[in-house]
Amino acid sequence: MVKGTVKIMKCPNCGYPDSKVIDSRPTDNAASIKRRRECLSCQKRFTTYETYEICDTAPLVVIKKDNSIEIFDKNKIITGLVRACYKRPVSRAQISEIADNIEAEFKSSLKTECHSAEIGTMVMERLKVLDEVSYVRFASVYREFKDIETFMNELNELKSLKMGK
């Protein structure tokens, strides 16, 4: 969301609140616009820099399993996905797309906080469709499989879902 307020640019020489733009061009880094202005009262020229300001709502906060709180970090999702997809036919673009989609989904929901379990579930849903081996790898860490029986239950559930298609 871009903040839409415009401040009146007073002449630095006489303080008159109105001027005309003589020249306008982007700055070197294209993050702002350099405007050459002329005061309509005293005809002195001056330069202004116009930038935009992004007004985000409060940052998304993640409530972890131990009830500690931290700021949402999309890079943590990417790191987990990279580990799960190691030596698998999953591209970096696909990993970034999953992380971007999850971030966008939370931002569009206008929530200010979410549980880490929600994020993990969202990652697993997307991995299940993308690559089953990566899904099982991620699930084994995310769900903290304690023994082979838990691991086998997850594999059997995945297998039954695949056969049901």
Side-chain angles (χ1 to χ4, degrees), residues 1-9 24-35 47-165:
M1 183 186 311
V2 178
K3 190 173 184 178
T5 60
V6 178
K7 293 183 180 180
I8 295 174
M9 192 53 55
S24 183
R25 64 182 67 181
T27 57
D28 291 337
N29 64 2
S32 61
I33 296 175
K34 179 180 179 180
R35 297 200 193 280
T47 302
T48 61
Y49 293 89
E50 188 175 309
T51 62
Y52 64 89
E53 184 177 299
I54 298 175
C55 299
D56 284 337
T57 56
L60 180 63
V61 174
V62 178
I63 302 168
K64 306 201 37 122
K65 288 179 186 176
D66 65 357
N67 285 328
S68 63
I69 295 174
E70 63 181 47
I71 301 293
F72 175 83
D73 183 2
K74 180 174 68 172
N75 290 323
K76 285 190 169 193
I77 295 172
I78 292 171
T79 301
L81 285 166
V82 166
R83 284 187 190 131
C85 299
Y86 181 69
K87 291 192 177 182
R88 297 296 305 153
V90 178
S91 70
R92 180 64 186 209
Q94 290 171 307
I95 289 171
S96 292
E97 184 179 349
I98 289 172
D100 290 343
N101 289 343
I102 290 170
E103 181 182 38
E105 192 171 323
F106 276 116
K107 285 186 176 181
S108 68
S109 74
L110 301 178
K111 287 183 175 182
T112 56
E113 61 183 42
C114 69
H115 290 270
S116 59
E118 291 177 75
I119 296 170
T121 301
M122 294 169 81
V123 170
M124 286 177 42
E125 287 171 356
R126 287 159 173 83
L127 273 180
K128 191 182 285 188
V129 175
L130 187 63
D131 183 66
E132 293 169 345
V133 173
S134 298
Y135 164 78
V136 172
R137 286 177 179 172
F138 188 87
S140 69
V141 174
Y142 170 68
R143 292 201 175 146
E144 299 175 346
F145 292 162
K146 303 286 187 233
D147 54 29
I148 193 73
E149 189 63 35
T150 314
F151 191 77
M152 289 305 296
N153 288 340
E154 188 69 34
L155 286 175
N156 288 332
E157 184 181 318
L158 184 62
K159 188 175 179 181
S160 67
L161 283 173
K162 188 174 181 179
M163 292 190 148
K165 284 185 178 180

A.B. asks: Could you tell me the separation between the CZ atom of Arg137 and the OH atom of Tyr86, rounded to the nearest 0.5 Å?
C.D. replies: 9.0 Å
A.B. asks: Atom OG of Ser116 and atom CD1 of Ile63: how far apart are they, to the nearest 0.5 Å?
C.D. replies: 9.0 Å
A.B. asks: Would you name the heavy atoms of Tyr135 and Met124 that are closest together and state the gap between them?
C.D. replies: CD1-O, 3.4 Å
A.B. asks: Can you tell me how far OG of Ser96 sits from CD of Glu103, rounded to the nearest 0.5 angstrom?
C.D. replies: 11.0 Å
A.B. asks: Is there a side-chain contact between Val62 and Asp73 in this structure, where contact means two heavy atoms from C-beta onward sitting under 4.5 Å apart?
C.D. replies: no
A.B. asks: Ignoring hydrogens, what is the shortest heavy-atom contact between Leu130 and Gln94? Give both atom names and the distance.
C.D. replies: CD1-NE2, 3.3 Å
A.B. asks: Rounded to the nearest 0.5 Å, what's the gap from NZ on Lys74 to CG on Asn101? Could you check?
C.D. replies: 10.0 Å
A.B. asks: Ignoring hydrogens and angles, tell me if any N or O in the side chain of Glu125 forms a donor-acceptor pair with the backbone of Met122 under 3.5 Å.
C.D. replies: no
A.B. asks: Scan residues 76-89 for pairs that pass salt bridge (charged side-chain N to carboxylate O under 4.0 Å, His left out), counting only residues two or more places apart or in two chains.
C.D. replies: Glu70-Lys76, Arg88-Asp131
A.B. asks: Identify the two heavy atoms, one from Gly120 and one from Phe138, that lie closest to each other, and give their separation to 0.1 Å.
C.D. replies: O-CE2, 3.8 Å
A.B. asks: Could you measure the distance from the NZ atom of Lys34 to the OG1 atom of Thr47? Nearest 0.5 Å is fine.
C.D. replies: 5.5 Å
A.B. asks: With a 3.5 Å distance limit and no angle check, can you tell me whether Arg126 reaches the backbone of Ile102 through a side-chain donor-acceptor pair?
C.D. replies: no
A.B. asks: With rounding to the nearest 0.5 Å, note down the distance linking OG in Ser134 to CD1 in Ile98.
C.D. replies: 8.5 Å
